[in-house]
2 protein chains.
Amino acid sequence: MKEEFYTLKGYRIKNEEILSSSMEDYIEMIYRLSQKSDEVRVSDLSLALNVRPPSTTKMIKRLAKENYVVYERYGCIKLTEKGRDVGSKLLERHRIIFEFLECLGVKENILEQTEKIEHAVNNDVLEKINELTKVLKDEILPF
Amino acid sequence: MKEEFYTLKGYRIKNEEILSSSMEDYIEMIYRLSQKSDEVRVSDLSLALNVRPPSTTKMIKRLAKENYVVYERYGCIKLTEKGRDVGSKLLERHRIIFEFLECLGVKENILEQTEKIEHAVNNDVLEKINELTKVLKDEILPF
DNA sequence: TTAGAATGTTAGCTTTGGCTAACATGTTTT
DNA sequence: AAAACATGTTAGCCAAAGCTAACATTCTAA
């Protein structure tokens, strides 16, 4: 199985990825906000993600069409079962990358780096990073 | 300095990043191809990156406008000083991520994962990963 | 209860980076 | 040198994901 180069967009198309990075960002954030309060609204999400409300409305419609959330105009945003499943995985992925970076000693822009890297890794790499972090944590922390 | 969430696109805008992922992919590949032969043409680049020639033409024009390459219609593509600088850094970044993944034991889609992750990391994280890989390599390789 | 403020939606614009179809240029072969 | 082929460019389309401006709805408080 030859491996070939593609552009980022090329990989997305080639692999028929179902969730774009943005969709992941929104679902992840809805999940996070849902844990604090079960009234998640367009304004909360916009604020949390630093986007304007119309962008949120547009994305929510898309997520609703693809059954990640239930939403009706002017209402509040609820994750579906499917959305919750995805959301919890995304949050776990975030946690794993964040802890790895912490463990590496990253101090500046750690959130930004987490957010960027999390969209890049597949399950295999994620698991391996997770294992590595565990090892680093209790074997060579003074590194 | 509070850290806030953004979408991927949001980070790009906020940081006024000068090179998009695609631009990086093209420059990196031109650099790679230039090492094999100094006649890099639109068709070579298209083939290498799995994009259609019109996409390459368009991007080359952009890279030329921003002084990463010198190009004239139907001619061949040459990196400028600036382009070579960037290119060699991109290749080095690629190498560091690739070796890290190898070291993690990644076998499947290692090139794809490298290509995705390399666009995500900043210099700080890159250096830290580089250090870590060195340590892993000669201290705990049987891991 | 109605006016004003706050929140949400719509319409329509922008950029990026793909694509195809059609055309232009260059190269090779007869 | 002309025909045929290979390569490159142009024009114009598309989707994603942002944005602003204008409008609609809902909430709050006088």
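A, B, ... follow the sequence lines: proteins, then strands. Residue 1 opens every chain.
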(message) In whole Å, I'd like the distance from the CZ atom of R73(B) to the C1' atom of dA11(D).
(response) 13 Å
(request) Provide, to the nearest angstrom, the distance between the CD1 atom belonging to I60(B) and the P atom belonging to dG8(D). (result) 11 Å
(message) In whole Å, I'd like the distance from the CG atom of L49(A) to the P atom of dC19(D).
(response) 11 Å
(request) Check whether any side-chain heavy atom of N122(B) lies under 4.5 Å from a side-chain heavy atom of V125(B), and answer yes or no. (result) yes
(request) In sequence, state the C-alpha distance, the side-chain angles, and the governing distance for K116(A) and E17(B), and then conclude on salt bridge (charged side-chain N to carboxylate O under 4.0 Å, His left out). (result) CA-CA 14 Å; K116(A) 287 182 171 180; E17(B) 284 167 18; 2.8 Å; yes
(message) Just N and O in the side chain of T56(B): are any of them under 4.0 Å from OP1 or OP2 of dG8(D)?
(response) no
(request) Verify whether one side chain among E112(A) and N15(B) offers a donor that lies under 3.5 Å from an acceptor in the other. (result) yes
(request) Could you state the atom-to-atom distance from OH of Y26(A) to P of dA16(D) in whole Å? (result) 14 Å
(request) Remember a base hit wins even if backbone is also touched, and classify S20(B) as base, sugar-phosphate or nothing at under 4.0 Å, heavy atoms. (result) sugar-phosphate
(request) Return the value, rounded to whole Å, for the distance between atom CD of E39(A) and atom P of dT26(D). (result) 15 Å
(message) Looking at dA17(D), I'd like to know if its phosphate oxygens (OP1 or OP2) sit under 4.0 Å from a side-chain N or O belonging to T7(B).
(response) no
(message) Side chains of T56(B) and S46(B): any donor to acceptor distance under 3.5 Å?
(response) yes
(request) Indicate, with a heavy-atom threshold strictly under 4.0 Å, whether Y71(B) touches base, sugar-phosphate, or nothing. (result) sugar-phosphate
(message) Applying side chain to side chain donor-acceptor pair (under 3.5 Å), can you list everything that pairs with E24(B), at least two apart in sequence or on another chain?
(response) R93(B), H119(B)
(request) Could you check whether the rings of F100(A) and F100(B) sit parallel, tilted or perpendicular, using 30° and 60° as the cut-offs? (result) parallel
(message) In whole Å, I'd like the distance from the CD1 atom of I18(A) to the C1' atom of dA16(D).
(response) 16 Å
(message) Mind checking if S55(B) touches a base, just sugar-phosphate, or nothing, with heavy atoms under 4.0 Å?
(response) base
(message) At 4.0 Å (heavy atoms only), tell me whether Y6(A) reaches a base, stays on the sugar-phosphate, or touches nothing.
(response) nothing
(message) Could you tell me the boundaries of the chain A footprint on DNA chain C, defined by atoms under 4.0 Å from its heavy atoms?
(response) dG8(C) to dG18(C)
(request) Assign R12(A) to base, sugar-phosphate, or nothing according to its heavy-atom contacts below 4.0 angstrom with the strands shown. (result) nothing
(message) Looking at K134(A) and E131(A), is there a salt bridge between them, counting it only when a charged N and a carboxylate O are closer than 4.0 Å?
(response) yes
(message) Does this structure show an ion pair linking E92(B) with K89(B), if we count only N-O contacts that are shorter than 4.0 Å?
(response) no
(request) Measure the distance from CG on L8(A) to C1' on dA17(D) and round it to the nearest whole Å. (result) 16 Å
(message) Return whichever of K9(A) or R41(A) has its heavy-atom-nearest nucleotide of DNA chain C closer to the 5' end.
(response) R41(A)
(request) For P54(A) and for S21(A), locate the closest nucleotide of DNA chain D by heavy-atom distance; then report the residue assigned to the nucleotide nearer the 5' terminus. (result) S21(A)
(message) Could you tell me how far apart L45(A) (CG) and dA17(D) (P) are, to the nearest whole angstrom?
(response) 14 Å
(message) Please compare K61(A) and I13(A) by the position of their nearest nucleotide in DNA chain C and report the one closer to 5'.
(response) K61(A)
